[in-house]
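Scroll down for the structure; my scribbles are underneath it.
Worth saying up front: this structure is predicted, and the values here are computed from it rather than measured.
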Protein chains: 2
Amino acid sequence: MARTVGQSAAPPRPARGRPAGTGAAAKKRVAAPNGETGTKILDAALNLFVQSNYWSVTIKDIGRATGLNTAMIYYYFQDKEDLFRATVERAVKHAFVEFETRTNNTQSAEEVISGWLDTHIEQLDLIRKFVKISLDYASSNNRIIRIDKAISAFYDHERTILTAAIKSGIAQGYFRLVDAEQMARFISTFLDGVMARSMVLPKFDAIEAINELRGYILGQLLI
Amino acid sequence: MARTVGQSAAPPRPARGRPAGTGAAAKKRVAAPNGETGTKILDAALNLFVQSNYWSVTIKDIGRATGLNTAMIYYYFQDKEDLFRATVERAVKHAFVEFETRTNNTQSAEEVISGWLDTHIEQLDLIRKFVKISLDYASSNNRIIRIDKAISAFYDHERTILTAAIKSGIAQGYFRLVDAEQMARFISTFLDGVMARSMVLPKFDAIEAINELRGYILGQLLI
DNA sequence: GTCTATAGTCGGATAGAC
DNA sequence: GTCTATCCGACTATAGAC
């Protein structure tokens with residue numbers, strides 16, 4: 001984000017509380033978080049992070065939500081940031097699975113685009129969670145390559161699917177000759193707006209907005 | 001935001017650190033924050049809140065940024081939350097001033113709508129700040145009536161201007177007969193998407209996106 | 001109005017028993 | 001794998017001198 005005032009960028013402050021790496025432990029995660037407990041922690045953490053935000057949720061909150069002792073969190077994850085990273089990656093993976101299921105069988109270009117919007121309606125909560133934690137992560141000033149990649153992967157995937165569908169529709173003579181990349185970006189940006197606005201204004205009707213988008217888009221595309 | 005998991009909503013936790021109202025002070029703000037120093041604090045606070053977020057910014061950060069002692073913050077504001085409230089209200093007020101200046105002299109309906117987009121391009125940074133702190137506030141789970149009102153006022157103002165312009169254009173025969181409310185919501189939602197996406201993806205070209213929106217909108221409206 | 005100093009509290013992370 | 005107990009640091013807010 002552009003900074004307009006001549007303040008020096010704040011370097012990432014170390015987390016509050018006892019500094020990590022103080023003790024003698026070798027600092028390796030003992031268990032891969034794929035078992036029952038690790039997954040339970042990830043699910044609870046995601047919901048807590050989404051309900052408020054990364055900085056407001058404490059390790060003790062996650063312990064309470066899972067019925068686990070706080071020390072258990074550190075048995076499965078290196079630290080709070082590592083837990084957040086795993087949470088983001090898991091959310092993206094979930095969203096992907098839904099998307100792939102949707103776009104798996106070959107469909108007409110119009111069905112792909114409309115199906116994409118349907119996915120956003122059906123998976124509204126999941127995608128809003130993804131956007132929410134992406135926004136939180138963006139304001140953390142602490143880049144983590146794996147998280148950057150997970151977020152980019154989501155948007156790249158979206159762009160790829162939409163662009164291909166639009167180009168295909170044009171090639172087959174169903175769609176008007178539009179700039180496919182631009183149109184895909186337009187759809188994607190609007191969908192982000194739906195997610196953002198439904199966070200800020202609880203009365204906002206996200207489904208209605210998506211359906212209105214569908215009308216505009218198809219009106220533009222269909223010959 | 002809808003909660004899908006059966007966890008009880010976390011009640012707002014009291015702020016960390018020493019509890020407010022512990023001491024004997026009468027707890028009234030001594031000075032109205034309109035003087036030089038109060039304004040300086042507000043400006044610095046806004047920029048810091050936007051650069052990262054409410055929970056990561058400390059009173060000491062604001063002290064450093066202003067060159068003031070931390071105790072001075074509490075001389076001008078009741079507590080951190082009160083400072084945040086004043087910051088939001090100030091940002092909204094700023095944005096309003098810009099908008100009013102723009103929409104002051106009578107113009108054609110097309111000019112009003114296009115001018116609105118121009119305002120978003122020219123005041124991109126200011127409006128993004130507003131959206132950013134609105135999003136942060138939305139995830140605070142701690143409603144403050146004055147902040148709710150300030151945020152709603154912004155969106156209501158936007159809706160009013162756009163709807164009126166579209167209706168006027170229709171009445172005067174320049175625009176197609178569209179649902180004015182729906183179209184205004186569409187524009188407004190897309191603009192939110194532009195702001196959100198430019199936070200998440202630094203490479204995103206917000207100005208280009210707004211100009212593309214202009215093309216779509218005028219294409220829809222103009223006969 | 002501005003500062004120094006510090007109280008009171010909370011949260012992240014660890015050690016080590018079982 | 002799970003828990004108890006606790007350390008250490010960071011934070012908000014205050015008291016009170018000047």
Side-chain angles (χ1 to χ4, degrees), chain A residues 10-41 45 48-49 52-85 140 142, chain B residues 10-41 45 48-49 52-64 66-85 142:
Chain A
R13 222 193 328 278
R16 296 166 196 186
R18 183 174 190 162
T22 287
K27 220 63 282 280
K28 272 203 183 132
R29 184 168 58 240
V30 180
N34 293 323
E36 173 95 17
T37 309
T39 307
K40 189 164 67 174
I41 294 171
L48 288 173
F49 286 149
S52 53
N53 58 78
Y54 176 76
W55 306 274
S56 298
V57 173
T58 72
I59 297 291
K60 279 168 189 166
D61 288 335
I62 297 168
R64 259 190 301 275
T66 51
L68 293 168
N69 193 278
T70 62
M72 284 302 292
I73 316 290
Y74 290 95
Y75 180 74
Y76 285 95
F77 301 93
Q78 289 190 27
D79 51 27
K80 191 183 175 186
E81 192 175 87
D82 182 50
L83 170 59
F84 182 70
R85 178 200 52 71
S140 77
N142 188 14
Chain B
R13 223 193 324 279
R16 297 167 197 187
R18 181 173 192 161
T22 287
K27 217 69 280 276
K28 272 203 182 130
R29 183 168 57 238
V30 180
N34 293 324
E36 173 95 18
T37 309
T39 307
K40 188 164 67 174
I41 294 171
L48 288 172
F49 286 149
S52 53
N53 58 78
Y54 176 76
W55 305 274
S56 297
V57 173
T58 72
I59 298 291
K60 280 173 186 167
D61 288 335
I62 298 167
R64 258 191 300 275
T66 52
L68 293 169
N69 193 279
T70 63
M72 284 302 292
I73 317 290
Y74 291 95
Y75 180 75
Y76 284 95
F77 301 93
Q78 287 190 29
D79 51 27
K80 191 183 174 184
E81 192 175 86
D82 183 51
L83 170 59
F84 182 69
R85 178 200 51 72
N142 188 13

query: When the nearest nucleotide of DNA chain D is assigned to B/N69 and to A/T37 on a heavy-atom basis, which residue is associated with the more 5' position?
result: A/T37
message: Would you say B/Y76 places a side-chain N or O within less than 4.0 Å of OP1 or OP2 belonging to C/dT2?
response: yes
- prompt: Can you tell me how far P of D/dG1 sits from NZ of A/K40, to the nearest Å?
  reply: 13 Å
Nearest-angstrom distance from the residue atom CD1 of A/I73 to P of C/dT14: 14 Å
Close N/O contacts between protein and nucleotides 16-18 of chain C (under 3.5 Å):
none

message: To the nearest 0.5 Å, what is the distance between CD1 on B/I59 and CG on B/L48?
response: 10.5 Å
Atom pair OG1 (B/T66) and CD1 (B/I73), whose distance is rounded to the nearest 0.5 Å: 4.5 Å
field: Contacts of type side-chain contact (heavy atoms from CB on, under 4.5 Å), residue A/S140, not counting sequence neighbours
entry: A/W55, A/Y137, A/N142
- request: Sequence neighbours left out, what passes side-chain contact (heavy atoms from CB on, under 4.5 Å) with A/T58? Give chain and number order.
  value: A/K60, A/D61, B/R13, B/R16
message: I need the minimum non-hydrogen distance between B/I41 and B/F77, along with the two atoms involved.
response: CG2-CE1, 3.6 Å
task: For residues B/K80 and B/Y54, report the shortest heavy-atom separation together with the two atoms involved.
output: NZ-O, 2.9 Å
message: As a test of reading the structure: which of C/dG1, D/dA13, D/dT2 is closest to the side chain of B/M72, going by heavy atoms?
response: C/dG1
Find every protein N or O atom lying less than 3.5 Å from an N or O atom of nucleotides 10-12 of chain C, and list the pairs.
| residue | atom | partner | partner atom | Å |
| --- | --- | --- | --- | --- |
| C/dG11 | OP1 | B/R13 | NE | 3.2 |
| C/dG11 | N2 | A/R18 | N | 2.8 |
| C/dG12 | OP1 | A/K80 | NZ | 3.3 |
| C/dG12 | OP2 | A/I59 | N | 2.9 |
| C/dG12 | O4' | A/R16 | O | 3.0 |
| C/dG12 | N3 | A/R18 | N | 3.2 |

- request: On the 0 to 90° scale, with breaks at 30° and 60°, tag the A/F49-A/F84 ring pair as parallel, tilted or perpendicular.
  value: perpendicular
- request: For residues B/N53 and A/N53, determine if any side-chain heavy atom of one lies less than 4.5 Å from a side-chain heavy atom of the other.
  value: no
